[in-house]
Amino acid sequence: MDVVIVESPSKAKTINKYLGKGFKVLASYGHVRDLPSKDGSVLPDDDFAMAWDVDPKSQKRLNDIADAVKGASKLILATDPDREGEAISWHVLEVLNKKKALKGIPVERVVFNAITKNSVLAAMENPRALDKELIDAYLARRALDYLVGFTLSPVLWRKLPGARSAGRVQSVALRLICERELEIEAFRAREYWTIEADLKTASGAPFVARIVTLDGKKLDKFDIPDKTTADDIVKRIKSSHFRVKSVESKPTKRNPYPPFTTSTLQQEASRKLGFSASRTMQLAQRLYEGIELDGETTGLITYMRTDGVQIADEAIAQARTVINNEFGEAYLPSSPRIYKTKAKNAQEAHEAIRPTDMARLPAKVARLLDDDQRRLYELIWNRTVASQMESVALERTTIEIEADEEQIGLRATGSVIIFDGFLRLYQEGRDDDTEDDEDGRLPKVANGDKLGLADTRADQHFTEPPPRFSEATLVKRMEELGIGRPSTYASTLQTLRDRTYVTMDKNRFIPDDKGRLVTAFLENFFTRYVQYDFTAELEEKLDKVSAGELDWKQVLREFWVPFKAEVGEAMELRITEVLDRLNEVLGVHVFPEKEDGSDARKCPSCDDGRISLKVGRFGAFVGCSNYPECRFTRQLTVGANGEGADTGDRTLGVDPDTGKPVLVKSGRFGPYIQLGEPEDKEDKPKRSGIPKAFGVTAADITFDQAMQLLSLPREVGLHPETGLMITAGLGRFGPFVLHDGAYANLDSPEEVFTVGINRAVDAIAEKKARGGKPRGPKALRELGNHPEGGKPIQIMDGKYGPYVKHEKTNATLPKDAEIDKVTLEEAIALIAAREMQTGGKRKPARKVPAKKATAKKPAAKKPAAKADAEEKSAKETATKKPTPKKPTAKKAPAKKATAKKPAAKAKPRTKAAAD
């Protein structure tokens with residue numbers, strides 16, 4: 001019996017059916033080994049030796065593979081046909097060799113670009129050896145990402161508290177987003193005018209012409225700068241008589257677009273379907289792995305990670321047959337179209353993304369797919385078939401018009417489709433709205449024809465700033481610059497979101513202050529490593545490694561020596577030096593000019609203080625130079641609701657009991673409510689944060705609502721059994737009641753102000769009955785049973801957002817997913833992907849340890865300043881006021897001990913290394 005290794009269990013089941021009884025197909029569940037999340041996994045001083053780690057789940061699967069191989073006649077490695085797939089095969093083989101499980105058993109490598117019976121059987125007939133150069137390229141990339149993440153990220157943590165991490169590709173992508181935002185902020189709108197004339201021929205046929213010359217001079221965009229100039233020209237046009245000076249008509253053709261690559265599929269799915277890059281790849285994976293057709297599982301599309309635009313000859317023949325049958329002979333070009341890759345640094349050898357069978361029209365499989373899968377399959381099918389269709393035939397006409405009395409030149413342009421060609425099936429989407437100077441059909445005119453003037457219009461315009469990047473435009477720009485690889489774009493962009501370096505608004509990237517600080521830091525202290533050319537050149541070197549033209553360790557040596565030196569210099573920097581540089585670089589952003597022209601850096605709370613960037617445990621903020629006498633702080637920039645602005649304090653009213661003003665203030669942790677001003681340094685006014693759960697912002701909070709917050713924690717009453725006071729409050733994780741050091745959740749913020757003793761006692765008793773454990777997450781939807789095992793799959797309401805649950809596996813839902821529209825098939829795919837991750841995934845990123853060390857490491861070295869503690873208490877007044885402090889005392893030792901474990905020190909860097 002031959003043992004075949006693939007990546008996913010669903011693929012294993014399908015291929016086992018194709019191959020029959022003489023084969024045993026097992027799944028590796030993605031990568032089986034990875035670099036451990038600690039220092040020393042890559043040793044530059046030991047010729048870049050790499051220490052690999054196998055997690056327990058992968059170990060069990062490797063043991064199963066080793067047991068199966070013992071009685072096998074051959075081992076066939078059939079993982080995906082790309083660099084990562086080659087690496088997985090190499091890892092499996094390395095482990096089996098260490099286990100001495102092979103014992104002379106022959107090993108073959110096969111690749112197939114589609115999961116169809118014919119493709120798999122054909123691959124089995126054409127085995128090869130492992131591609132050493134492709135494996136070397138993988139090792140070089142993995143080592144580089146590890147070294148950058150694990151070396152650069154600690155510099156950020158020490159010099160820029162609050163920063164999460166840096167990465168070889170993610171930091172350059174973040175720079176693109178931040179630079180675009182700087183362009184937008186620096187943009188100043190400029191006025192200009194255009195003038196159009198409604199003309200008509202002698203027969204009365206109307207058309208529109210624009211002014212292009214005046215007084216013998218060609219007009220540029222800004223040559224009509226204001227209304228006065230425009231009105232003067234309009235008067236001259238109205239007093240003139242016009243005739244045709246020349247007519248020029250040119251036939252032209254527009255050729256179809258090539259089939260999809262990974263990046264063009266992500267771009268077009270973003271434009272036309274509104275999918276994120278990660279969602280597109282998730283759906284494409286499902287289409288690649290296939291559906292049940294005629295009694296067997298069949299893949300619907302070819303492999304979806306590719307830079308190639310070429311497709312197989314048999315696929316071209318199928319497409320031509322479909323075109324002839326569905327659209328007619330007129331839409332079939334005389335010869336097949338052959339495409340060649342033009343993308344910078346393209347390195348993939350396999351085909352473009354296409355349907356495995358062109359005759360499988362979208363309508364035929366629509367009932368077997370969910371709506372999103374159907375839409376993506378239809379997009380791929382349309383693009384592929386259209387790529388082999390006839391060109392669009394156009395006629396472009398230009399009419400030049402002159403005035404008899406004035407030196408005024410007008411021009412009319414038109415474009416007429418003579419034959420629609422591939423547009424019958426497919427039209428590529430646009431990234432951003434652009435002016436189209438191709439108008440419709442123009443009337444037939446001849447030189448010298450006199451024209452009538454019906455009307456003249458002058459239209460005012462203003463230049464617009466460059467648009468923010470969407471996923472489509474960012475992926476396109478990264479590909480143009482040669483940054484990263486299409487197969488990693490989705491994970492790179494998701495990393496930026498996960499680390500809150502960016503936010504999304506109307507599907508556009510907006511850099512967060514944290515992201516801008518990191519980018520400014522790297523641009524100033526690690527300039528070379530966020531340069532576009534440097535990153536692209538490094539990618540070219542890595543591609544040469546995969547082509548066998550460069551030694552991978554030489555590439556690492558050339559990178560590591562200068563990089564290590566720059567890291568050493570950066571570690572010697574004082575934080576004050578870093579802040580001085582960032583104040584200079586980000587001054588326009590953090591301290592924008594005021595409308596009244598006053599000093600933007602003058603402290604709004606004291607007479608002679610200067611505000612500047614400061615850093616604390618929780619990141620950067622703006623503070624006054626007169627601290628501690630002046631305690632003014634604010635967030636870096638003004639939010640959409642006005643939070644963070646240099647507006648000083650806002651008085652909501654006066655507390656009738658104390659006569660003190662109730663103020664809305666802004667601190668480094670956000671806005672808060674304060675009762676009165678401190679009378680001296682020792683006086684600490686009562687404060688309360690404005691929790692998100694409260695449902696209001698600093699801009700719209702009322703006096704009554706502020707008084708409610710200041711009343712917290714609220715005494716509910718004495719517990720009937722213990723005689724101890726029960727209090728109610730709003731904390732970081734929502735509303736609660738507190739009794740004898742034990743917290744119990746309430747259902748809504750409003751309940752904090754109305755909860756009575758009976759409800760409070762019941763909530764505490766319910767918490768106690770659960771052994772003090774938090775109330776379990778609530779099921780939002782039942783999706784159905786998993787096909788393997790029949791256990792239910794649910795959507796749960798988690799603390800950090802909804803997720804899919806099956807037995808012990810939890811998979812986070814994409815941020816753009818709508819709970820009511822998630823299907824059982826999508827949930828199964830998420831569960832499978834999560835199981836692959838936890839069992840040795842392709843791009844490992846252990847998120848939980850990252851949160852531990854990122855929060856605890858700085859805290860262990862630098863105790864918070866007095867002002868930090870006061871501001872933090874403002875956010876959690878409800879949890880600070882009550883007398884019981886037992887929960888804090890109980891939990892603190894556990895956290896401290898965890899943070900001091902040797903492994904925890906390096907664990908956060910896993911995320912940094914997974915670029």
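Position 1 is the first residue of the sequence; numbering continues from there. Please read these numbers as outputs of a predicted model, since none were measured by experiment.
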task = Test side chain to side chain contact (heavy atoms under 4.5 Å, CB included) on Arg714 and Val755 and set out the steps.
result = CA-CA 10 Å; Arg714 169 178 163 262; Val755 64; 3.4 Å; yes

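- Summarising the geometry of Met707 relative to Val662, their closest heavy-atom pair is SD-CG2, 3.6 Å, with the distance given to 0.1 Å.
- Side chains of Thr809 and Glu807 form no contact here, defined as non-hydrogen atoms less than 4.5 Å apart.
- When atom types are taken as modelled, the side chain of Thr519 and the backbone of Arg516 share no donor-acceptor pair closer than 3.5 angstrom.
- Among residues two or more places apart in sequence or in another chain, the ring-ring contact (aromatic ring centres under 6.0 Å, His included) test is passed with Phe509 by none.
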request  = Begin from the C-alpha positions of Val664 and Ile673 and carry the test side chain to side chain contact (heavy atoms under 4.5 Å, CB included) through to its verdict.
outcome  = CA-CA 5 Å; Val664 180; Ile673 305 298; 3.9 Å; yes

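- The line from CG of Asp513 to NE2 of His589 is 4.5 Å long, rounded to the nearest 0.5 Å.
- Panel note: side chain Lys514, backbone Thr500; no donor-acceptor pair is recorded below 3.5 Å.
- No side-chain heavy atom of Asp655 sits less than 4.5 Å from a side-chain heavy atom of Lys686.
- Residues Leu652 and Thr702 form no side-chain contact, since every pair of their non-hydrogen atoms from C-beta on lies 4.5 Å or further apart.
- Ring orientation note: the planes of His719 and His739 are close to parallel, at an angle under 30° on the 30°/60° scale.
- Under the 4.5 Å side-chain criterion, counting only non-hydrogen atoms from C-beta, Thr754 is not in contact with Glu750.
- Ser748 and Glu751 form no side-chain donor-acceptor contact under 3.5 Å, judged by distance and modelled atom types alone.
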key: side chain to side chain contact (heavy atoms under 4.5 Å, CB included) assessment of Val822 paired with Leu830   = CA-CA 11 Å; Val822 175; Leu830 289 169; 5.5 Å; no

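- Between Tyr29 and Lys57 there is no side-chain heavy-atom pair separated by less than 4.5 Å.
- Atom CG of Leu586 is separated from atom CG of Leu613 by 6.5 Å, given to the nearest 0.5 angstrom.
- Here the side chains of Val761 and Pro720 are in contact, with some heavy-atom distance below 4.5 Å.
- None of Val502, Leu493, Asp512 except one satisfies the side chain to side chain contact (heavy atoms under 4.5 Å, CB included) rule with Leu174; the exception is Val502.
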message = Working note: Glu677 + Leu663, criterion side chain to side chain contact (heavy atoms under 4.5 Å, CB included); need CA distance, chi angles, decisive distance, verdict.
response = CA-CA 9 Å; Glu677 292 286 9; Leu663 306 169; 3.6 Å; yes

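- Between Val716 and Thr727, the shortest heavy-atom contact is CG2-C, 4.1 Å.
- The backbone N or O of Lys768 lies less than 3.5 Å from no partner atom in the side chain of Glu766, so there is not a single donor-acceptor pair.
- Here the straight-line distance linking atom CZ of Arg781 with atom CE of Met796 works out to 13.5 Å at 0.5 Å rounding.
- The distance from atom CG of Leu675 to atom OG of Ser688, rounded to the nearest 0.5 Å, is 11.0 Å.
- What you find for Phe753 and Ser711 is that their closest heavy atoms are CE2-OG, 4.3 Å.
- The two atoms that bring Asp747 and Arg759 nearest to each other are OD2-NH2, 3.5 Å, heavy atoms only.
- A donor-acceptor distance shorter than 3.5 angstrom exists from the side chain of Asp55 to the backbone of Ser58, with no hydrogens or angles considered.
- Looking only at side-chain heavy atoms (C-beta outward), Ser612 and Leu579 stay at 4.5 Å or farther from each other.
- Here the side chains of Leu496 and Ile177 are in contact, with some heavy-atom distance below 4.5 Å.
- Closest approach of Met725 to Gly717, counting heavy atoms only: SD-O, 3.3 Å.
- Between the SG atom of Cys624 and the NZ atom of Lys602 there is a distance of 9.5 Å, given to the nearest 0.5 Å.
- Here the shortest heavy-atom pairing between Leu156 and Val518 reads CD1-CG1, 4.2 Å.
- Other residues, nucleotides and ligands place no more than 12 heavy atoms under 6.0 Å from the CG atom of Asn507.
- Once rounded to the nearest 0.5 Å, the distance linking CG of Asp762 with NZ of Lys767 reads 15.0 Å.
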